[in-house]
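Small disclaimer: the values here were computed from a predicted structure and weren't measured.
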Amino acid sequence: MLEKLNEFAESHGQLQPGKGLVTGTIALTLGILCFLGVLAFHFPQYLTTPELRRSYDVDLMRYILLAAMVIAGGLSLVNIVFNRARWLSSFAFLMIAAAALLGGHKVPVDSNFPDNTPYIGLDWFILDLLGSSLIFIFIEKLFAYRKDQPVFRAEWQTDFHHFIVNHMIVGFVLLATNLLVHKLFGWAANDGIRGWVAGLPFWIGLPLIILVADLVQYWTHRGYHEVPLLWRLHAVHHSVKSMDWMAGSRQHILELLITRTLVLAPIYVFGFSKEVIDAYIVVVGFQAVFNHCNVNVRLGPLRYVIVTPNFHHWHHSQDTEAIDKNYAAHYAFLDYLFGTAVKSTRLWPEHYGVVGDYVPNGFFKQLKFPFVWKG
């Protein structure tokens, strides 16, 4: 069973319908997430993010966990009874059984621990994977651009490894970026300006914070392409050869730290209100995933204003007219303003990835790539 499961995890391609592979994969995914969720209930001080756990409705979390266990258990049992991919569903059922033996949704939660306890973002990983996969896979199936591209396309494992690591170290990233922002840019904060900006109406503050962040994002992103030392880091992100909801996760940790520090700096210096920052986080979180999606969305004339998947797909292309173009993350008009928008008679690019395909596949190989590349 383990050998078959390992072979399955290392493969890619369309899941054959009617064999129990689709429902088995759903059951296994939910089973693993349920098991991890029970662990988070047992050790919230080490496995959950303080910013999230302060706003949790624990009863709601219990109902979600119970529902996921019932769905995963039901799917796996049906497959086992009807002899459909038993090896896959058996492992899924084992994960549910392990979660139940550890207490399932009834695990008592102890909240008596200091807030500065070191932690990893297991809860953030679980919620984001569950939410993102439910939302964006559905969108991709509904509005697919490349209709023959499977959910488990080539090299999905590498991007999933990036997804796991970048979520698990959320605490380190928050700590590091906040420290860097205060140390490097704290001198620029002015109480008068911060007070004025914080008092702006929400409908002004939100588009303004997106503009400020995207201006920094634009020039930082352009720097990654035009400065050879920085390109070593950014080439990892560009090495993805298939665009989908998981593609944006492929990002070197140093690039993640640098970019977030530089983008958060003006947000901190200007002092935007909490409501505006919270809304911005939702917008950037959605666009960061959606703009990499395999979806055929162009938005008509609005595509010259707002970054769409079509716009960002061109940025990831290795087609000649796409090299070092379309840097903006939110407002497409910035590229038209600064002369870096793609000009092409074709609606979509042909090929993705870096020219020459010299970035190795695999998370750890990509982690060390910037330091060993001889290019």
Side-chain angles (χ1 to χ4, degrees), residues 48-57 111 114-119 121 123-124 127-128 131 166-167 169-224 230 248 251 253-291 302 304-307 327-338:
T48 64
T49 57
E51 291 77 9
L52 288 177
R53 65 176 176 243
R54 292 192 192 103
S55 58
Y56 283 150
D57 182 330
S111 59
D115 279 343
N116 59 354
T117 304
Y119 67 94
D123 58 335
W124 174 232
L127 294 172
D128 199 23
N166 289 343
H167 282 72
I169 62 171
V170 62
F172 166 73
V173 172
L174 286 172
L175 180 64
T177 53
N178 284 333
L179 180 64
L180 288 169
V181 166
H182 283 81
K183 289 290 185 182
L184 298 176
F185 303 99
W187 57 272
N190 180 283
D191 290 341
I193 294 176
R194 287 171 62 85
W196 181 77
V197 171
L200 289 173
F202 179 85
W203 60 273
I204 294 178
L206 181 57
L208 181 59
I209 193 176
I210 295 173
L211 177 61
V212 168
D214 209 16
L215 278 169
V216 176
Q217 176 87 22
Y218 173 90
W219 288 106
T220 302
H221 196 172
R222 190 165 174 172
Y224 280 123
L230 294 178
Q251 190 174 21
I253 182 60
L254 285 182
E255 179 184 350
L256 182 67
L257 287 170
I258 293 170
T259 303
R260 288 198 180 180
T261 299
L262 293 177
V263 171
L264 285 175
I267 293 175
Y268 163 72
V269 169
F270 285 115
F272 289 94
S273 68
K274 183 180 183 302
E275 292 74 19
V276 168
I277 292 176
D278 288 344
Y280 164 73
I281 291 172
V282 173
V283 170
V284 72
F286 177 82
Q287 277 198 288
V289 180
F290 182 66
N291 289 338
L302 275 177
Y304 297 109
V305 180
I306 301 171
V307 172
Y327 293 117
H330 305 292
Y331 289 135
F333 68 78
L334 293 178
D335 279 285
Y336 291 98
L337 178 64
F338 297 123

All N/O donor-acceptor pairs, side-chain side in residues 173-182, below 3.5 Å, sequence neighbours left out:
| from | atom 1 | to | atom 2 | distance (Å) |
| --- | --- | --- | --- | --- |
| T177 | OG1 | V173 | O | 2.7 |
| T177 | OG1 | L174 | O | 3.2 |
| N178 | ND2 | L174 | O | 3.1 |
| H182 | ND1 | N178 | O | 2.7 |

Pair listing, ring-ring contact (aromatic ring centres under 6.0 Å, His included) test, anchored in residues 200-220, at least two apart: Y218-Y327, Y218-F338, W219-F338
Distance-minimising heavy-atom pair for A328 and V307: O-CG2, 3.6 Å
More than 12 heavy atoms of other groups within 6.0 Å of F172 CZ: no
Shortest non-hydrogen contact from Q217 toward A329: CG-CB, 3.7 Å
Within 6.0 Å of OH in Y268, more than 12 heavy atoms from elsewhere: yes
From D278, V276, I277, residue fulfilling side-chain contact (heavy atoms from CB on, under 4.5 Å) relative to K274: D278
Under the side-chain contact (heavy atoms from CB on, under 4.5 Å) test, residues paired with Y56 that sit two or more places apart: L52, R53, M61, D123, L127
All side-chain contact (heavy atoms from CB on, under 4.5 Å) counterparts of L200, not counting sequence neighbours: W196, V197, I204, L208
Spatial distance of atom CD (E51) from atom CD1 (I281) [nearest 0.5 Å]: 9.5 Å
L206 to I209 - nearest heavy-atom pair and separation: O-CG2, 3.1 Å
Side-chain heavy atoms of T48 within contact of Y119, under 4.5 Å: no
Aromatic ring pairing F270/F272, orientation class (parallel under 30°, perpendicular over 60°, tilted between): perpendicular
Contacts of Y280 that satisfy ring pair (Phe, Tyr, Trp, His ring centres under 6.0 Å) - sequence neighbours left out: none
Heavy-atom pair of closest approach, residues A198 and G271: CB-O, 3.3 Å
Could you give the side-chain donor-acceptor pairs of residues 254-267 under 3.5 Å, partners two or more places apart or in another chain?
| from | atom 1 | to | atom 2 | distance (Å) |
| --- | --- | --- | --- | --- |
| E255 | OE1 | H234 | ND1 | 3.4 |
| E255 | OE2 | H234 | ND1 | 2.8 |
| T259 | OG1 | Y224 | OH | 2.9 |
| T259 | OG1 | E255 | O | 2.9 |
| T261 | OG1 | L257 | O | 2.7 |

Inter-residue atom distance Q251.CD - N166.CG, 0.5 Å rounding: 6.5 Å
D214 side chain vs I210 backbone, donor-acceptor pair below 3.5 Å: no
Distance in Å, F333 CZ paired with L337 CG, rounded so as to fall on 0.5 Å steps: 7.5 Å
